[in-house]
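See below for the structure under consideration.
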Amino acid sequence: MMKFFTRITALALAGVMSICLLTGCQTQGSSSASGSTPDSVPEVVDIATIDDICLYLTGLPSDEVVATGNGFEITAGELACLIALTCDNLSNYYYYYLGVNELPWDSTAGSGEITLADFILEDAVKAASIQHTLEAQGKQAGFVPTQENLDAIQVALDSMQAELAAEGITLQTYLFQQGLTEDLYRWLCECDYIYEALALANFGPDSSNPPTEENIRAFREAQGEYKVKHILLATVDTTTRQPLDEKTAAEKKASADTLLKALRASNDSMALFDEYMNAHSEDPGLAGNPDGYVFTANTTVDPAFEEAALALEYGQISDVVEGASGYHIILRLPLEVDVKEDTQVYISKQMSLLTEEWAAQSDYKTTKAADKLNVQVIYDRLCAYRDAVAALTAPAEDQPQEQAQ
């Protein structure tokens, strides 16, 4: 099963909110169930009577401990909002990429030992664990949200509240649509500030791993990136991908051998390579990539091409390589780095890897209370809540008209 997110951020939450706010969503799976027990979805949702979104969604009070680990406690309230976000991400994925309107709750992944619902619960617990681990790492390093950070969070909440008032909705109702409370929103934002502080401390300009040209290039290469130019003498029709006849293919091989021999004998093979590439290469992408290509190992590149390219040193030219498209002569080049443009990506990716490392070391276990959580019902109830909010805030012309007597 693909993992759809590794870290919850205020920006990620804001993105989900912008999609869901006041739009409602089709209730999925067991949405036709009646009643109001934690194992069913109510036929009618009266949002005015719901003052604890976690209790409504899960049947558990928001401060109920559902998992513990490494000195922290994960509450039902925290888990409810993370389950909601995971479900929203998956729902969008299934709809936009697979054309599926409802989440396949009982579908299994891998060996078939875990259902989608179980995966979502497990992923949400991991995400909560990561948040707590980040918080602990920050405190250990002396990073806590500053007053400026706290003021910025308050400004954001005040701004949301003002905008929502014009739509006839309260801030609490807005947050409830994501399984959130104001306190949880503040906490997630605070964790983001801690994350940013840790990222700068570990990989910023004043850290022991600063974003220098050398470090950025080494990191990108460690992630499998490499740059090449190549001369292609195609043995397939580059438009239809149909193979050329054997005689033509043999002529292409002979031409490639001739070009390589001249390159080996040249006193300036780099300049000659460019000359030959522009004059003889049949790569249809050459015009758009005159300075070469940046690839990532183990992606869609021809395996024979990739193996030969990665075996080269900077400035080294390969032998003639037979690949899926024809005969290649490859020149390995160093990755180009723009420190100003690449710094933020370097810091972000490095911090993401460090966070994954911390997450892998996080030792947590669920409590008996977690056994009461039904992911499908949680999401169905959340969708029902959103539908109720959308109905209350819909323009008058969208409201159903009563039949004349």
Do [X] and [Y] have side chains that approach each other closer than 4.5 Å (heavy atoms only, starting at C-beta)?
X: Thr108; Y: Ile114; result: no
X: Cys383; Y: Asp380; result: no
X: Tyr95; Y: Val100; result: no
X: Leu60; Y: Lys372; result: yes
X: Glu356; Y: Leu353; result: yes
X: Leu382; Y: Phe176; result: no
X: Asp88; Y: Gln178; result: yes
X: Ser107; Y: Leu116; result: yes

Is it the case that atom CD in Gln316 sees more than 12 heavy atoms from other parts of the structure closer than 6.0 Å?
yes
Are more than 12 heavy atoms from other residues, nucleotides or ligands located less than 6.0 Å from atom CD of Glu214?
no
Roughly how far apart are [X] [atom1] and [Y] [atom2], rounded to 0.5 Å?
X: Thr296; Y: Gln223; atom1: OG1; atom2: CD; result: 9.0 Å
X: Leu260; Y: His328; atom1: CG; atom2: NE2; result: 14.0 Å
X: Ile53; Y: Leu184; atom1: CD1; atom2: CG; result: 11.5 Å
X: Asp118; Y: Asp123; atom1: CG; atom2: CG; result: 12.0 Å
X: Asp291; Y: Leu333; atom1: CG; atom2: CG; result: 9.5 Å
X: Leu79; Y: Ile378; atom1: CG; atom2: CD1; result: 7.0 Å

Dump the intermediate steps for side chain to side chain donor-acceptor pair (under 3.5 Å) on Arg217 and Thr212, then the final yes or no.
CA-CA 8 Å; Arg217 180 178 291 111; Thr212 62; over 6 Å; no
What I want to find out is whether [X] reaches [Y] closely enough, with some N-O distance under 4.0 Å, to be called a salt bridge.
X: Glu322; Y: Lys253; value: no
X: Arg332; Y: Glu313; value: no
X: Arg186; Y: Glu190; value: no

Report yes or no: does [X] contribute a side-chain atom to a donor-acceptor pair with the main-chain N or O of [Y] at less than 3.5 Å?
X: Thr343; Y: Val339; value: yes
X: Asn215; Y: Pro211; value: no
X: Ser281; Y: Asn278; value: no
X: Ser318; Y: Ile330; value: yes
X: Ser62; Y: Gly77; value: no
X: Arg381; Y: Tyr56; value: yes
X: Tyr327; Y: Ala234; value: no
X: Arg386; Y: Gln177; value: yes
X: Thr68; Y: Glu73; value: no
X: Ser348; Y: Gln344; value: no

Can you see whether [X] engages [Y] through a side-chain donor-acceptor pair at a distance of less than 3.5 angstrom?
X: Thr173; Y: Thr170; answer: yes
X: Thr146; Y: Asn149; answer: yes
X: Thr86; Y: Asn89; answer: no
X: Tyr293; Y: Asp283; answer: yes

Residue set satisfying side-chain contact (heavy atoms from CB on, under 4.5 Å) with Thr75, at least two apart, ordered chain then number -> Glu78
Among residues at least two apart in sequence or on other chains, which ones pass side-chain contact (heavy atoms from CB on, under 4.5 Å) with Ile194?
Glu135, Pro145, Leu198
Going by salt bridge (charged side-chain N to carboxylate O under 4.0 Å, His left out), name the residues that satisfy it together with [X], two or more places apart in sequence or in a different chain.
X: Asp319; answer: Arg264
X: Asp342; answer: Arg220
X: Lys261; answer: none

Kindly assign one of parallel, tilted or perpendicular to the pair His280 and Tyr276, based on the angle between their ring planes and the thresholds 30° and 60°.
perpendicular
Closest approach of Asp237 and Leu244, non-hydrogen atoms and distance?
N-CD2, 3.9 Å
Do Trp358 and His132 have ring centres separated by under 6.0 Å?
no
side-chain hydrogen bond (donor to acceptor under 3.5 Å, both in side chains) filter on Glu163, not counting sequence neighbours, yields none
